[in-house]
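Numbering of residues begins at 1 and proceeds along the displayed sequence. These numbers come from the heavy atoms of this one structure, side chains and all, not from hydrogens, waters or symmetry mates.
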Amino acid sequence: MSGPAPDSGRLTVIGVRHHSPACAGLVRRRIAALRPAFVLIEGPVDFNPHLPDLALGHDLPVAIFSFRSDATGSAASYTPFCAFSPEWQALEAGRAVGAQTLFCDLPAWDPAFGRRANRYADPHGARAEAAERALAAALGVADQDALWDVLAEAASEAELPARLDRYFALLRPPGTDDPAEAARERFMGAYAAHALRAAGDRPVVLVCGGWHADAVRRHAAQADGTRPEPVPPEPDLRTGSYVVPYAYLRLDRFSGYAAGMPAPGYYERVAEAGLAPAADWAMTAITAALREAGQVVSTADRIAWRVHAEALARLRAHPAILRADLIDAALAALVKDALDRPPAWAAGGAAPGHPALAAMLRALTGRREGRLAPGTRQPPLVADVAERLRAADLEPGPARRSIDLDWAEPGDRARAHLLHRLALLGLPGIAREGPDRAEPGLPRERFTLVRHPHWLGALIEASLWGGTLEMAAAARISARVEAAPDSLAVLTGALSDALFAGLTLEGDLLARLSAGIAAAHDVAALGAAGAGIVRLYRFGDAFAPSRPALARLCAALAARALFVVEGIREPRAGLGAIPLLLACRDLFREVGAEVAGLDELRGPFAAMLGRRLADPETPPALAGAALGFRVACGAAGSDPEAALSRLRRFGLPATLGDFLAGLFALAREEIAADATLASVEGLVAAWGDEDFLRALPSLRMAFAWFPPRERERIAVAILRRSGLGEARAEVEALAWMRQRARPADQAEALSREARVAARLARYGLT
């Protein structure tokens, strides 16, 4: 539409601090007085067709959840509202006067919007922060929030507009550009000019963050009144905006919400009743929270607290007890201990170090959580999940229920796929147990389900990953892979999650895993990945369609291990090689001819381990693991007695524990435990106390490979050899197993006693 530029004199731009009761009241009064034709609000313009969703009678707080998602990743942004948000009051006041109420900011998917997680988080920069600190110092207040209370929340209605104008002009002087916000401000200004043209001679009100206000006015005066349109999303870009429940905890600045006021529970009372009643409420809430935490707050304490707060308010010339007066007085009257850091409200939102301070801040935050009204528009994922849960008889109820699933049953396997997909999306109320180890055969699992109050909100937010459960779960895995495409741990975890969720494996994931295994040099990372891959292969028919791909990965793992283990020289790397050799042991011993190419590697692998065992530079843990591997796999020339012949070579305090750790890890069941134990006892008996203490951690690590029942049997054998009868030995062994004192502490105590005794003897004091 062409023609003369609209008259910007009819435009009223109200700059606000988001979620400020004072600003909310100002917006409500100005709209009621002006009765504008349009009320424009900083918010996602793509939500305008769905504005009726916000008028359905929700329990606040709620937020507009906007997302963008494509093959390169996903991003989400929130536009939150509570009852005392200026933007929410603008919505309600605009409807009350019959104005056309619209959002006027860029959609979250617009490239110029960026990837900000919160629309109302305005990064003010170092200059604005310095100006704010200087103003706070001039007014004698400690922090930004106390400054705001003095300037705005405690201001009279008549003084508030001028104070806000001066405050925002101080943070960002008139005419100052902000390159990071220029596109948004230009868009809002153009939208305001369009509304002015459509309004005829009636006024237009625009509500936005005070940081943007002056720039929006300037852009509105320069625009020609043509309605601005955001850049259309790319064809493969999924976008959406929906209302989701929110919570005061997520609104609190001390919880990390960059645009928030602190203590939303307190400011709710300020908005409802005023400063003095809010202080009364806060004192009651803090008292209850401290008492619940176990701190005694007597009537005398509360009286002293009240008197102190009133004195601070008068000393600071406040018209009522403000939040800073209240918590400063509480710090003086109720917290008896010294603090190791400044309180959170004086440290830029740092976490409170004292439990009493944490309880106070939680009390002021409040526990209010939003709830959506019936009939609120929802993304397709919500209906898809609901239908799938209903069909599988897995709908969560108010009581926690356990679901036992056996993958040998086709019906259970389908239900397991469904629950794993839900777990991938991080939905609350779903927990999984087992399997924790790679046992041959089909897995058994247990899930617990319960209806969680945050279920719906989490499911709506999960819709950024896709419109169906299968699509969303697959996209979630892809996003993890794209974020760390070279991490064997991430790739292996993604492979496992995809298989358990019944998702079709993509060639890209398998290709990356194969390449990662072939290029791996970190023996610990290769071992962890190998353990996961072999575990998946050993589940057998559970992942039948993917077994050929898993077999190829297993063969690649064995080939790479053959190369990597040959070059290990560092002792720490020797310990790190144990999981890798465990995975290869299971492959050669239990998989065998099932995997193409594996039998051809069996001989070279055993020969390589033989060389490592004979090499005097081989780390002890690797030597023990090499021997254990050969014993477990029945290599020529290796038998359980071979272990005993190697003990003396590694029988020093610095090496015995590591050698045994490798040996027991790979061949615990094949080694003759009693004979090995006798040999170990003979070596240890020759050590002094200091040598024993030095070797104790590694020896404990070695014997940790035995399950508790076997460790108890070993303890009985040791006690029997020391001369105790069978019954007495069993009683003593059970007491050893159940003792609470750490063995290392006991050994250290014995060593100190011996040193004291020796020193006393030296001076003839025994």
Drop me the distance from [X]'s [atom1] to [Y]'s [atom2], to the nearest 0.5 angstrom.
{"X": "L160", "Y": "L151", "atom1": "CG", "atom2": "CG", "result": "10.0 Å"}
{"X": "L424", "Y": "I430", "atom1": "CG", "atom2": "CD1", "result": "10.5 Å"}
{"X": "R127", "Y": "T176", "atom1": "CZ", "atom2": "OG1", "result": "6.5 Å"}
{"X": "L425", "Y": "L459", "atom1": "CG", "atom2": "CG", "result": "7.5 Å"}
{"X": "R68", "Y": "S74", "atom1": "CZ", "atom2": "OG", "result": "9.5 Å"}
{"X": "L469", "Y": "L389", "atom1": "CG", "atom2": "CG", "result": "8.0 Å"}

- Message: According to ring-ring contact (aromatic ring centres under 6.0 Å, His included), who are the partners of W305, at least two apart in sequence or on a separate chain?
- Response: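 Here no residue qualifies.
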- Message: Holding to ring-ring contact (aromatic ring centres under 6.0 Å, His included), I want the full list of residues that pass it with F103, two or more places apart in sequence or in another chain.
- Response: none
- Message: In terms of relative ring orientation, are F65 and Y78 parallel, tilted or perpendicular, with 30° and 60° separating the classes?
- Response: tilted
- Should the pair Y191 and F187 be assigned to parallel (<30°), tilted (30 to 60°) or perpendicular (>60°) ring geometry?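 Rings of Y191 and F187: tilted, 30 to 60°.
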- Item | D214/R217 under side-chain contact (heavy atoms from CB on, under 4.5 Å): CA gap, chis, key distance, verdict | CA-CA 5 Å; D214 181 71; R217 293 188 192 99; 4.1 Å; yes
- Between F84 and Y267, is the gap from one ring center to the other below 6.0 Å?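 Not under 6.0 Å, so no.
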- P233: partners by side chain to side chain contact (heavy atoms under 4.5 Å, CB included), with sequence neighbours left out: W109, L237, T239
- With a 4.5 Å limit on heavy-atom distance, are the side chains of N118 and P80 in contact? yes
- Message: A side-chain contact here means heavy atoms from C-beta on lying under 4.5 Å apart; do L206 and L11 qualify?
- Response: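 Yes - at least one pair of side-chain heavy atoms lies under 4.5 Å apart.
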- Message: Tell me whether the NZ or CZ atom of R116 lies within the 45° cone about the ring axis of F113 and under 6.0 Å from its centre.
- Response: yes
- Item | Derivation of the side-chain contact (heavy atoms from CB on, under 4.5 Å) call for E461 and F67 | CA-CA 8 Å; E461 294 180 28; F67 67 85; over 6 Å; no
Which side-chain N or O atoms in residues 355-370 pair as donor and acceptor under 3.5 Å with protein atoms at least two apart or in another chain?
{"unit_1": "T365", "atom_1": "OG1", "unit_2": "D252", "atom_2": "OD2", "d": "2.3"}
{"unit_1": "T365", "atom_1": "OG1", "unit_2": "L361", "atom_2": "O", "d": "2.9"}
{"unit_1": "R368", "atom_1": "NE", "unit_2": "E268", "atom_2": "OE1", "d": "3.1"}
{"unit_1": "R368", "atom_1": "NH2", "unit_2": "E268", "atom_2": "OE2", "d": "2.8"}
{"unit_1": "E369", "atom_1": "OE1", "unit_2": "H454", "atom_2": "NE2", "d": "2.9"}
{"unit_1": "E369", "atom_1": "OE2", "unit_2": "H454", "atom_2": "NE2", "d": "3.0"}

Closer than 3.5 angstrom, by distance alone: can the side chain of [X] be matched with the main-chain N or O of [Y] as a donor-acceptor pair?
{"X": "S85", "Y": "W88", "answer": "no"}
{"X": "D143", "Y": "D145", "answer": "yes"}
{"X": "T79", "Y": "G43", "answer": "no"}
{"X": "D384", "Y": "L381", "answer": "no"}
{"X": "R238", "Y": "S463", "answer": "yes"}

- Message: Are there over 12 heavy-atom neighbours, none belonging to R166, within less than 6.0 Å of that residue's CZ?
- Response: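 Atom CZ in R166 is not packed in, count stays at 12 or less.
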- Message: Using the salt bridge (Lys or Arg N to Asp or Glu O under 4.0 Å) criterion, which residues pair with D53? Sequence neighbours excluded.
- Response: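 D53: salt bridge (Lys or Arg N to Asp or Glu O under 4.0 Å) contacts with R377.
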In residues 26-38, what donor-acceptor pairs under 3.5 Å come from side-chain atoms, sequence neighbours left out?
{"unit_1": "R28", "atom_1": "NH1", "unit_2": "Q89", "atom_2": "OE1", "d": "3.1"}
{"unit_1": "R29", "atom_1": "NH1", "unit_2": "G25", "atom_2": "O", "d": "3.3"}

By side chain to side chain donor-acceptor pair (under 3.5 Å), which residues pair with [X], not counting sequence neighbours?
{"X": "T376", "answer": "none"}
{"X": "E87", "answer": "H18"}
{"X": "D59", "answer": "none"}

Shortest non-hydrogen contact from [X] toward [Y]:
{"X": "E153", "Y": "A22", "answer": "OE1-N, 3.0 Å"}
{"X": "A142", "Y": "A146", "answer": "N-CB, 4.5 Å"}
{"X": "R218", "Y": "G175", "answer": "NE-CA, 3.6 Å"}
{"X": "V450", "Y": "A399", "answer": "CG2-C, 4.0 Å"}
{"X": "L54", "Y": "R95", "answer": "O-NH2, 4.4 Å"}
{"X": "V39", "Y": "G94", "answer": "CG2-CA, 3.9 Å"}

- Item | ring pair (Phe, Tyr, Trp, His ring centres under 6.0 Å): pairs with one or both residues in residues 150-177, sequence neighbours excluded |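 Non-adjacent pairs meeting ring pair (Phe, Tyr, Trp, His ring centres under 6.0 Å): W148-Y167.
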- Item | Pairs where residues 102-111 contributes a residue and the test salt bridge (Lys or Arg N to Asp or Glu O under 4.0 Å) is met, not counting sequence neighbours | D105-R119, D105-R184
- Item | Qualifying salt bridge (Lys or Arg N to Asp or Glu O under 4.0 Å) pairs, either residue in residues 312-322, two or more places apart | R316-D325, R316-D328
- Below 4.0 angstrom, N of the basic side chain to O of the carboxylate: do R306 and D280 qualify? yes
- Side-chain H-bond candidate by donor/acceptor type, E185 with H219, under 3.5 Å: no
- Message: Quick one about R302 and T284 (side-chain donor to acceptor, distance below 3.5 Å, no hydrogens or angles considered), yes or no?
- Response: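 Side-chain D/A pair, T284 to R302: present.
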